[in-house]
Amino acid sequence: MGFSNSQESHPADLPAALTIADSIRHHNLPGAFTEPVAYAKEQSILSEGELATDIHIVVSGAVRLFKMMPDGRRQIIGFAFPGDMLGLSLDDRYLHSAEAISPVILRHMGRRQLAALLERDHGLRKALLAWTMTELQIAQDQMLLLGRKDATERLSSFLLTLLQRRSHSTEDRHLPLAMTRTDIADYLGLTMETVSRTISLLKGRRLIRPLADHSIELLNVPGLQDLAAGNAITVQLDPQRPAKA
């Protein structure tokens with residue numbers, strides 16, 4: 001992913017943000033992107049409220065996107081992977097914060113340079129619109145996940161989304177998880193203990209298999225899809241109460 005030159009993937013099969021990155025890269029505009037910049041694990045990339053001077057394309061690694069509530073609690077609003085774009089804002093300030101959750105490599109580009117490219121390139125505007133529509137769909141799915149789904153449905157949906165985003169192969173069921181269970185909990189609106197118990201329950205039903213390298217193998221994707229859609233009998237974390245955080 002990232003800035004791959006592979007000719008085997010059709011643009012329609014690639015993430016929208018990667019299509020934007022490729023579109024920019026193929027312009028005859030030397031220096032549009034900076035040289036790759038490395039970030040250490042847990043290093044801050046951008047902060048909510050800072051002047052939004054640049055956009056960022058993830059070349060490698062994983063990034064958590066989050067907002068802080070007035071009482072100090074953190075809500076993770078998403079994760080970014082190779083090919084994803086960070087820092088795009090209609091305002092002049094970043095709308096959320098971003099941190100590396102593994103060693104990360106980014107390329108940066110000034111917002112003014114991007115605006116100039118958008119003015120003169122219809123294809124790039126189309127790619128940006130596709131990316132924006134994808135982000136809107138993700139936000140709508142997240143609202144449904146937090147508002148209506150129980151713990152098993154939330155975790156099943158999360159794992160399936162990762163599978164869709166991180167694998168172009170229908171046979172690849174191995175998910176490396178750079179994020180911690182606390183990150184997953186903050187994203188799904190659950191406690192870490194609930195996430196851990198739900199992982200154990202899905203393991204017990206032979207839907208997933210946690211591996212020693214902090215990855216998860218999806219053993220039964222149709223079963224996870226049934227759980228995510230609410231079409232299967234809900235696994236309760238506690239027989240006395242619903243599977244909520």
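- Residue T194 holds its OG1 atom at 10.5 Å from CG of L188, rounded to the nearest 0.5 Å.
- Under a hydrophobic clustering in which Ile, Leu, Val, Met, Phe, Trp and Tyr are joined whenever their side-chain heavy atoms come within less than 4.5 Å, directly or via other members, M179 and M192 fall into different clusters.
- The heavy-atom pair separating P210 from I216 by the smallest distance is CA-CG1, 4.2 Å.
- Between H56 and H108, the angle of the ring planes goes over 60°, which puts this pair in the perpendicular group of the 30/60° scheme.
- At least one donor-acceptor pair closer than 3.5 Å links the side chain of R154 to the backbone N or O of G189.
- Proximity of a side-chain donor or acceptor of K67 to a complementary backbone N or O of L95 within less than 3.5 Å is detected.
- Expressed to the nearest 0.5 Å, how far OG of S196 lies from CG of L201 amounts to 11.0 Å.
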Stepwise side chain to side chain contact (heavy atoms under 4.5 Å, CB included) test for L162 and F81: CA-CA 10 Å; L162 285 184; F81 302 106; 3.7 Å; yes
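- When the side chain to side chain donor-acceptor pair (under 3.5 Å) test is applied to E193, no partner is found at least two apart in sequence or on another chain.
- At a threshold of 4.5 Å between non-hydrogen side-chain atoms, the residues I57 and M109 do not count as touching.
- A distance-only check finds no donor-acceptor pair linking the side chain of S215 to the backbone of L211 [under 3.5 Å].
- The two atoms that bring A52 and G87 nearest to each other are CB-O, 4.4 Å, heavy atoms only.
- Note that the OG1 atom of T182 and the CG atom of L190 stand 12.0 Å from one another [nearest 0.5 Å].
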Evaluation steps, side chain to side chain contact (heavy atoms under 4.5 Å, CB included), between L51 and R111: CA-CA 11 Å; L51 285 175; R111 290 182 65 190; over 6 Å; no
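- The aromatic rings of Y187 and F158 sit tilted, their planes meeting at an angle between 30° and 60°.
- Between E153 and G230, the closest heavy-atom pair is OE2-CA, 3.4 Å.
- Contact detail for Y39 and I45: the closest heavy-atom pair is CD2-CG1, 3.8 Å.
- Once rounded to the nearest 0.5 Å, the distance linking CG of L218 with CG of L175 reads 4.5 Å.
- Grouping the Ile, Leu, Val, Met, Phe, Trp and Tyr side chains by contacts below 4.5 angstrom, directly or via other members, places V58 with V37.
- Between the CG atom in L46 and the CZ atom in R93 there is a gap of 13.5 Å [rounded to 0.5 Å].
- Scanning both residues, L160 and A228, for their nearest heavy atoms gives CD1-CB, 4.0 Å.
- In terms of heavy atoms, L207 sits closest to G223 at CD2-CA, 4.0 Å.
- Grouping the Ile, Leu, Val, Met, Phe, Trp and Tyr side chains by contacts below 4.5 angstrom, directly or via other members, places L177 apart from L219.
- Atom CG of residue L224 and atom CD1 of residue I208 lie 7.5 Å apart, to the nearest 0.5 angstrom.
- Under the 3.5 Å distance criterion, the side-chain polar atoms of D183 are matched with a main-chain donor or acceptor of T180.
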Side-chain polar contacts of residues 96-103 - donor-acceptor pairs under 3.5 angstrom, sequence neighbours left out - could you list them?
unit_1: S97; atom_1: OG; unit_2: E48; atom_2: N; d: 2.9
unit_1: E99; atom_1: OE1; unit_2: R64; atom_2: NH1; d: 2.8
unit_1: S102; atom_1: OG; unit_2: A62; atom_2: N; d: 3.1

